[in-house]
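The structure appears below as structure tokens.
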There are 2 protein chains.
Amino acid sequence: MATVRRPGSYVCGIDAAMDVIGGKWKVLILWALNERPCRFGELRRNLPGITEKVLASHLRELEEDGIVHREAYDEVPPRVEYSLTALGVSLNAALAPLGAWGRENILGGAYAHASARETAAPTAT
Amino acid sequence: MATVRRPGSYVCGIDAAMDVIGGKWKVLILWALNERPCRFGELRRNLPGITEKVLASHLRELEEDGIVHREAYDEVPPRVEYSLTALGVSLNAALAPLGAWGRENILGGAYAHASARETAAPTAT
DNA sequence: CCGCATCCCGGGGGATACTG
DNA sequence: CAGTATCCCCCGGGATGCGG
């Protein structure tokens, strides 16, 4: 997933954006980071089922795309904090209507029972 | 891609929505259908690079998800028209901010030259 | 605690050919 | 024209293990 590096290959803004958030866990990471900056392990705990490799690679891609900021502290024990950049915040805002749509049309109604887990997420859309 | 049939597995509305639009060409199909209903071949011509198999399977999934409506006419030569359902229209609306974001932050600026192709798409976000 | 390296697997999706 | 049927390949991403 080379993400955004395909100048000229996009036919509209949406598929360009899809390329940025195209990873299986990308939007969930954005989601988790939306409320507050997180450390690596903290993030991992907030995303049940994700593996370290995938989390690390997704974070790197998001960082390359200017969506998340990575702040490493040279301490012992090592500490790294991830947070959203201004661009990341704006992306999240742009994602909000889509999240609302999913809630309304997929989670809502027949699948409403899933909403219980939803409270574990940050602010919710 | 069994799409939406994962009740309880979604942690928030966004990943539920991502599941619906998770195919490589899904958003482009929605995009093309947004303006006017299209026949199969017409759609294929509007999506340079897509193969018939993939277009057919994506259309079927979108139909199963209640996003597109398929109208088959028993004529000769055969004719099938695809169009967005009300749900599809609302999904497209929810996608609009994301498209605007992509235009602003990816196509805009360094990649602005790509915008020429964009005029070929329906209304544009 | 943070994160990279390696191995491996499944399935999404491309190419091609065929049918109603 | 509107698909279906196969074959095949690539790579996203899961598991595991090591290094700073």
Side-chain angles (χ1 to χ4, degrees), chain A residues 1-6 9 11 15 18-30 32-33 36-65 68-83, chain B residues 1-6 9 11 15 18-30 32-33 36-65 68-83:
Chain A
M1 187 181 311
T3 48
V4 184
R5 290 129 206 83
R6 291 163 30 192
S9 69
V11 75
D15 61 335
M18 287 298 294
D19 203 7
V20 174
I21 59 172
K24 187 179 181 185
W25 300 86
K26 292 274 183 75
V27 295
L28 264 7
I29 293 175
L30 284 226
L33 250 28
R36 64 188 179 305
C38 277
R39 305 182 52 176
F40 186 91
E42 198 176 352
L43 221 34
R44 182 163 52 107
R45 263 169 270 122
N46 286 158
L47 302 170
I50 197 173
T51 62
E52 293 170 339
K53 170 198 164 187
V54 171
L55 177 55
S57 69
H58 278 187
L59 283 170
R60 218 177 311 117
E61 290 172 6
L62 289 170
E63 191 190 357
E64 285 168 14
D65 291 336
V68 318
H69 172 68
R70 181 199 148 105
E71 186 75 36
Y73 300 90
D74 253 32
E75 308 175 348
V76 41
R79 186 161 69 94
V80 181
E81 283 238 333
Y82 294 92
S83 58
Chain B
M1 187 179 310
T3 48
V4 184
R5 291 129 206 86
R6 290 162 32 192
S9 70
V11 74
D15 60 335
M18 287 298 294
D19 201 8
V20 174
I21 59 173
K24 189 180 182 184
W25 301 86
K26 293 271 183 78
V27 296
L28 264 9
I29 294 174
L30 285 223
L33 250 26
R36 63 188 179 305
C38 277
R39 304 181 51 175
F40 187 91
E42 197 176 352
L43 220 35
R44 183 163 51 108
R45 264 171 268 121
N46 287 157
L47 301 170
I50 198 173
T51 61
E52 294 168 339
K53 169 197 163 188
V54 172
L55 177 55
S57 70
H58 279 186
L59 282 170
R60 219 174 311 118
E61 289 172 6
L62 288 170
E63 191 190 357
E64 284 169 14
D65 291 336
V68 317
H69 172 69
R70 180 201 147 104
E71 187 74 38
Y73 301 88
D74 253 32
E75 307 174 349
V76 44
R79 186 163 67 94
V80 181
E81 283 237 333
Y82 293 92
S83 57

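Letters go in sequence order (proteins before strands), and every chain restarts at 1.
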Table of protein N/O atoms under 3.5 Å from nucleotides 14-16 of chain C N/O atoms:
residue: C:dG14; atom: OP1; partner: B:K24; partner atom: NZ; Å: 2.8
residue: C:dG14; atom: OP2; partner: B:W25; partner atom: NE1; Å: 3.1
residue: C:dG14; atom: O6; partner: B:K53; partner atom: NZ; Å: 2.3

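- Contact between the side-chain N/O atoms of B:R60 and the OP1/OP2 oxygens of D:dT4 is found at a separation under 4.0 Å.
- A:L59 places its CG atom 9 Å from the P atom of C:dC4, with the value rounded to the nearest Å.
- Computed from coordinates, the A:E81 CD to C:dG3 C1' distance equals 16 Å when rounded to whole Å.
- You'll find the side chain of B:L62 reaches within 4.5 Å of the side chain of B:K26, heavy atoms only.
- B:I29 has its CD1 atom 12 Å from the C1' atom of C:dG13, to the nearest Å.
- Using a 4.0 Å heavy-atom criterion, one finds that B:Y73 contacts no nucleic acid atom at all.
- Inter-residue side-chain proximity for A:D15 and A:D19 is flagged as unmet; no heavy-atom pair is nearer than 4.5 Å.
- Across all their heavy atoms, B:L55 and B:I29 have their closest contact at CD1-CD1, 3.8 Å.
- Residues A:L43 and A:L59 are in side-chain contact: their nearest non-hydrogen atoms beyond the backbone lie under 4.5 Å apart.
- Note: CG (A:L47) to P (C:dG3) measures 14 Å, nearest angstrom.
- For the pair A:D74 CG and C:dG3 P, the interatomic distance rounds to 12 Å; values are reported in whole Å.
- Across the protein-nucleic acid pair, B:E75 atom CD and D:dC1 atom C1' stand 11 Å apart, rounded to whole Å.
- Considering only side-chain N and O atoms, A:H58 lies nowhere under 4.0 angstrom from the phosphate OP1 or OP2 of D:dG12.
- When all heavy atoms of A:P37 and A:E81 are compared, the closest pair comes out as CB-OE1, 3.6 Å.
- Counting heavy atoms from C-beta on, the side chains of B:R39 and B:R44 never come closer than 4.5 Å.
- Distances shown here put a side-chain N or O of A:R70 below 4.0 Å from the OP1 or OP2 atom of C:dG3.
- For the pair A:D15 CG and C:dG13 P, the interatomic distance rounds to 14 Å; values are reported in whole Å.
- For B:K26 and C:dG13, the NZ to C1' distance is 12 Å, given to the nearest whole Å.
- The side chain of B:R39 places an N or O atom within less than 4.0 Å of a non-bridging phosphate oxygen (OP1 or OP2) of D:dA2.
- Shown here for A:S83 and A:L33, the closest heavy-atom pair between the two residues is CA-CG, 4.3 Å.
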